[in-house]
Participant: 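Structure provided below as structure tokens; questions to follow.
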Amino acid sequence: MKLAFFDTKPYDRLFFENLCAENGIAVKFYEAKLNADTAGLAAGCGAVCSFVNDTLDAQVIDRLAQAGVQLIALRCAGYNHVDIRHAFGKIHVVHVPGYSPYSVAEHAMALLLTSIRRTHKAYNRTRDFNFSLSGLMGFDLHGKTMGIVGTGRIGRAFMEICRGFGMRLAAYDKFPDKDSGISYVPLDTLLAESDVISLHCPLTAETYHMIDAGAIEKMKTGAVLINTSRGALIDADALLAGIKARKIGAACLDVYEEESNIFFEDFSGHIMSDDVLARLISMPNVIVTSHQAFLTEEALRDIAETTVSNITAFFRHGSCANELCYHCGKVSSCRTHRLEKCF
Ligand code: NAI
């Protein structure tokens, strides 16, 4: 079994190299992202392993299929960047549905605490022997309302953390879990009543720009927004306008709408071409990390183990429980449908 591994970073090799060797998978690690220009590198490989900012549109899927690739193994949970419908009948797609939700939930809280207690600014000051406190005043989280959009694995892990801080919780989910004891409210109520809003739902056609100018207008003045989910949940132009109008108190962003050609790469010393990102980063009340919420030892180990077991299951049995598939309608004969993995 040969695997072409795209967008490789040193930490990927650390977790995948030995595991693949132990499972008889010969890996070609490519630093390039997967796109129409690089898809040909997968010729002769049965599978490709791809990450969040690779391109998996119709053209790339066709090129991979022509090169003989049978399986796209996503080493991530999100699959909004994959044309699942176009892949149907040509190539199989598997993903890692869940891995340490604490990695992302804890990063969301790290961003929030950094932002509101200004620890990043204090760190820089004291390194310069500047011990002044002016401009570092924050606020208590205790007693404040945290609004959580999306109460899946990560949303719930984040709720537990917020409970520990003595926060009040308000939650919104399109598919509320009625037996969970979570107090759900309509999205507009959450927007209006929350001091901090944290996004933990997937990016879909429906959630695209769910935080736009209208949603920001409904928020409390000074509300803090956290996004560790997917960039396009927020209309970045509207966020910038909300910050400039002093409506948004602070923004903690691990993801950005136009991140795909920027995040994970070193652009220091270059001119930043994305004006909106450059302006956001220049704001004193915005913290940006480059899609690193998943980057813990535990999460990376989970991701590597599930990805390798997805690949071996697929090539041994022709199917895998973590397969994503387009809803073809052939209900009775389709194993994927029986596993409720159709989209
Ligand atoms: P999950 O599938 O366990 O939970 C997602 C929740 O969102 C579900 O409860 C679902 O009902 C809800 N949802 C679906 N559509 C909705 C809508 N229109 N409005 C409100 N809620 C809706 O997913 P999990 O594991 O909690 O991950 C959440 C998101 O976090 C992922 O979709 C992914 O985009 C992001 N993520 C980010 C990472 C990072 O490194 N920054 C790493 C891993 C995931």
Side-chain angles (χ1 to χ4, degrees), residues 7 33-35 50-58 60-61 72-87 93-99 101 103-105 107-108 111 147-158 171-176 187 190-191 197-216 225-240 242 251-264 274 276-277 280 288-295 299 303 322-327 341-343:
D7 199 9
K33 287 195 174 61
L34 176 57
N35 56 39
S50 134
F51 199 46
V52 290
N53 287 331
D54 287 325
T55 304
L56 280 157
D57 58 12
V60 174
I61 286 168
I72 296 168
L74 302 173
R75 55 180 190 280
C76 54
Y79 46 86
N80 51 283
H81 59 303
V82 187
D83 191 338
I84 302 274
R85 181 178 180 151
H86 191 80
V93 183
V94 293
H95 75 144
V96 180
Y99 52 86
S103 61
V104 182
H107 190 74
L111 286 176
I148 291 162
V149 180
T151 57
R153 284 172 287 249
I154 296 169
R156 285 177 201 222
F158 190 59
Y172 168 74
D173 196 300
K174 191 184 172 199
F175 308 101
L187 182 58
L190 182 148
L191 295 174
I197 296 167
S198 194
L199 307 179
H200 299 288
C201 61
L203 175 62
T204 62
E206 197 178 347
T207 60
Y208 176 80
H209 282 187
M210 75 189 302
I211 304 298
D212 58 8
I216 290 170
L225 189 58
I226 308 171
N227 189 6
T228 56
S229 199
R230 284 293 179 268
L233 295 177
I234 300 178
D235 176 347
D237 288 312
L239 174 64
L240 188 54
C252 307
L253 309 174
D254 186 51
V255 285
Y256 171 65
E257 200 173 349
E258 301 297 334
E259 71 179 50
S260 62
N261 290 321
I262 301 172
F263 281 15
F264 307 139
D274 188 316
V276 176
L277 181 61
L280 282 170
V288 176
T289 51
S290 44
H291 206 139
Q292 74 171 71
F294 71 98
L295 201 66
I303 290 170
N322 293 328
E323 182 159 2
L324 302 163
C325 198
Y326 173 62
H327 204 311
K341 294 279 174 186
C342 291
F343 296 90

Participant: Looking only at heavy atoms, what is the nearest atom pair of A171 and L190, with distance?
Facilitator: C-CD1, 3.8 Å
Participant: Would you say S103's side chain and L295's backbone share a donor-acceptor pair under 3.5 angstrom?
Facilitator: no
Participant: Assess the side chains of H95 and E323: does a donor N or O sit below 3.5 Å from an acceptor N or O?
Facilitator: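 Distance-only check fails for H95 and E323.
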Participant: Could you list the residues that satisfy side chain to side chain contact (heavy atoms under 4.5 Å, CB included) with H86, not counting sequence neighbours?
Facilitator: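 Counting only residues at least two positions away or on another chain, H86 forms a side chain to side chain contact (heavy atoms under 4.5 Å, CB included) with A58, I61, D62, D83, K90.
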Participant: With side-chain contact (heavy atoms from CB on, under 4.5 Å) as the criterion, how do L56 and N35 come out once you've worked through the C-alpha distance, each side chain's angles and the decisive distance to 0.1 Å?
Facilitator: CA-CA 7 Å; L56 280 157; N35 56 39; over 6 Å; no
Participant: Would you please name every residue forming a side chain to side chain contact (heavy atoms under 4.5 Å, CB included) with A213, sequence neighbours left out?
Facilitator: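 With neighbours one apart ignored, the set is A238.
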Participant: Would you check, one step at a time, whether the test side chain to side chain donor-acceptor pair (under 3.5 Å) holds for Y256 with N227?
Facilitator: CA-CA 9 Å; Y256 171 65; N227 189 6; over 6 Å; no
Participant: Report the residues that fulfil side chain to side chain donor-acceptor pair (under 3.5 Å) with N80, sequence neighbours left out, ordered by chain and then residue number.
Facilitator: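 R230.
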Participant: Return the set of residues passing ring-ring contact (aromatic ring centres under 6.0 Å, His included) with H107 (not counting sequence neighbours), or none when no residue passes.
Facilitator: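 Checked H107 against ring-ring contact (aromatic ring centres under 6.0 Å, His included); zero matches.
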Participant: Test of understanding: with ring-ring contact (aromatic ring centres under 6.0 Å, His included), list the residues that count as partners of F264, not counting sequence neighbours.
Facilitator: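 For F264 the ring-ring contact (aromatic ring centres under 6.0 Å, His included) partners, ignoring immediate neighbours, are F51, H291.
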Participant: Using 0.5 Å steps for rounding, measure from the SG atom of C252 to the CG atom of L225.
Facilitator: 8.0 Å
Participant: Can you name the ring-ring contact (aromatic ring centres under 6.0 Å, His included) partners of Y172, sequence neighbours left out?
Facilitator: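 Here no residue qualifies.
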Participant: For P97 and N322, work out which heavy atoms get closest and say how close.
Facilitator: CG-OD1, 3.3 Å
Participant: D237 side chain to L240 main-chain N or O, any donor-acceptor pair under 3.5 Å?
Facilitator: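 Looks like no, no N/O pair under 3.5 Å.
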Participant: So, using side chain to side chain donor-acceptor pair (under 3.5 Å) as the criterion, who are the partners of T228 when residues are at least two apart?
Facilitator: none
Participant: Checking T55 side chain against D57 main chain: does a donor-acceptor pair fall under 3.5 Å?
Facilitator: no
Participant: Run the side chain to side chain donor-acceptor pair (under 3.5 Å) test against R153 and tell me which residues pass, sequence neighbours left out.
Facilitator: none
Participant: Ignoring hydrogens, what is the shortest heavy-atom contact between L34 and S50? Give both atom names and the distance.
Facilitator: CD2-CB, 4.2 Å
Participant: Taking S198 for the side chain and I148 for the main chain, is one N or O donor matched with an acceptor at less than 3.5 Å?
Facilitator: no
Participant: If you measure from NE2 on H200 to OG1 on T151, what distance do you get to the nearest 0.5 Å?
Facilitator: 10.5 Å
Participant: Rounded to the nearest 0.5 Å, what separation is found between the CG atom of L239 and the CD1 atom of I234?
Facilitator: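 L239 CG to I234 CD1: 5.5 Å, rounded to 0.5 Å.
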Participant: Among residues at least two apart in sequence or on other chains, which ones pass side chain to side chain contact (heavy atoms under 4.5 Å, CB included) with S290?
Facilitator: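 Residues passing side chain to side chain contact (heavy atoms under 4.5 Å, CB included) with S290: F263.
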Participant: Is there a side-chain contact between D274 and I262 (heavy atoms, below 4.5 Å)?
Facilitator: yes
Participant: Using atom types as modelled and distance alone, determine if a side-chain donor or acceptor of E257 lies under 3.5 Å from a backbone N or O of G231.
Facilitator: no
Participant: Which heavy atom of C325 sits nearest a heavy atom of I84, and at what distance?
Facilitator: C-CG2, 3.6 Å
Participant: Could I get the full list of side chain to side chain donor-acceptor pair (under 3.5 Å) partners for Y99, not counting sequence neighbours?
Facilitator: none
Participant: Please lay out, stage by stage, how E206 and C201 fare under the test side-chain contact (heavy atoms from CB on, under 4.5 Å).
Facilitator: CA-CA 11 Å; E206 197 178 347; C201 61; over 6 Å; no
Participant: Look up atom CG in L191 and atom CD1 in I211, then write down how far apart they are to the nearest 0.5 Å.
Facilitator: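 Those atoms lie 5.5 Å apart.
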Participant: For A157, give me all partners under side chain to side chain contact (heavy atoms under 4.5 Å, CB included), at least two apart in sequence or on another chain.
Facilitator: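 Listed in chain order: P101, Y102, A105.
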Participant: Taking the side chain as every heavy atom from C-beta outward, state whether N53 and K33 have any atom pair closer than 4.5 Å.
Facilitator: yes
Participant: Is any side-chain heavy atom of V94 closer than 4.5 Å to one of I72?
Facilitator: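 Sidechains of V94 and I72: no contact.
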Participant: Is there side-chain contact between Y79 and V93, with heavy atoms separated by less than 4.5 Å?
Facilitator: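 Contact flag for Y79/V93 side chains = no.
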Participant: Excluding sequence neighbours, so at least two apart, what forms salt bridge (charged side-chain N to carboxylate O under 4.0 Å, His left out) with D235?
Facilitator: none
Participant: I would like to know whether D254 and L111 meet side-chain contact (heavy atoms from CB on, under 4.5 Å); could you show each step before the answer?
Facilitator: CA-CA 8 Å; D254 186 51; L111 286 176; 4.3 Å; yes
Participant: Please round to the nearest 0.5 Å and tell me the distance separating atom CZ of F294 and atom CD of Q292.
Facilitator: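 Rounded to the nearest 0.5 Å, the CZ-CD separation comes out at 8.5 Å.
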Participant: Would a 4.5 Å heavy-atom cut-off, applied to side chains only, mark L253 and I226 as touching?
Facilitator: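 Answer no - side chains too far apart.
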Participant: Hey, could you give me the CG/OG1 distance between L233 and T207, rounded to the nearest 0.5 Å?
Facilitator: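 That separation rounds to 5.0 Å.
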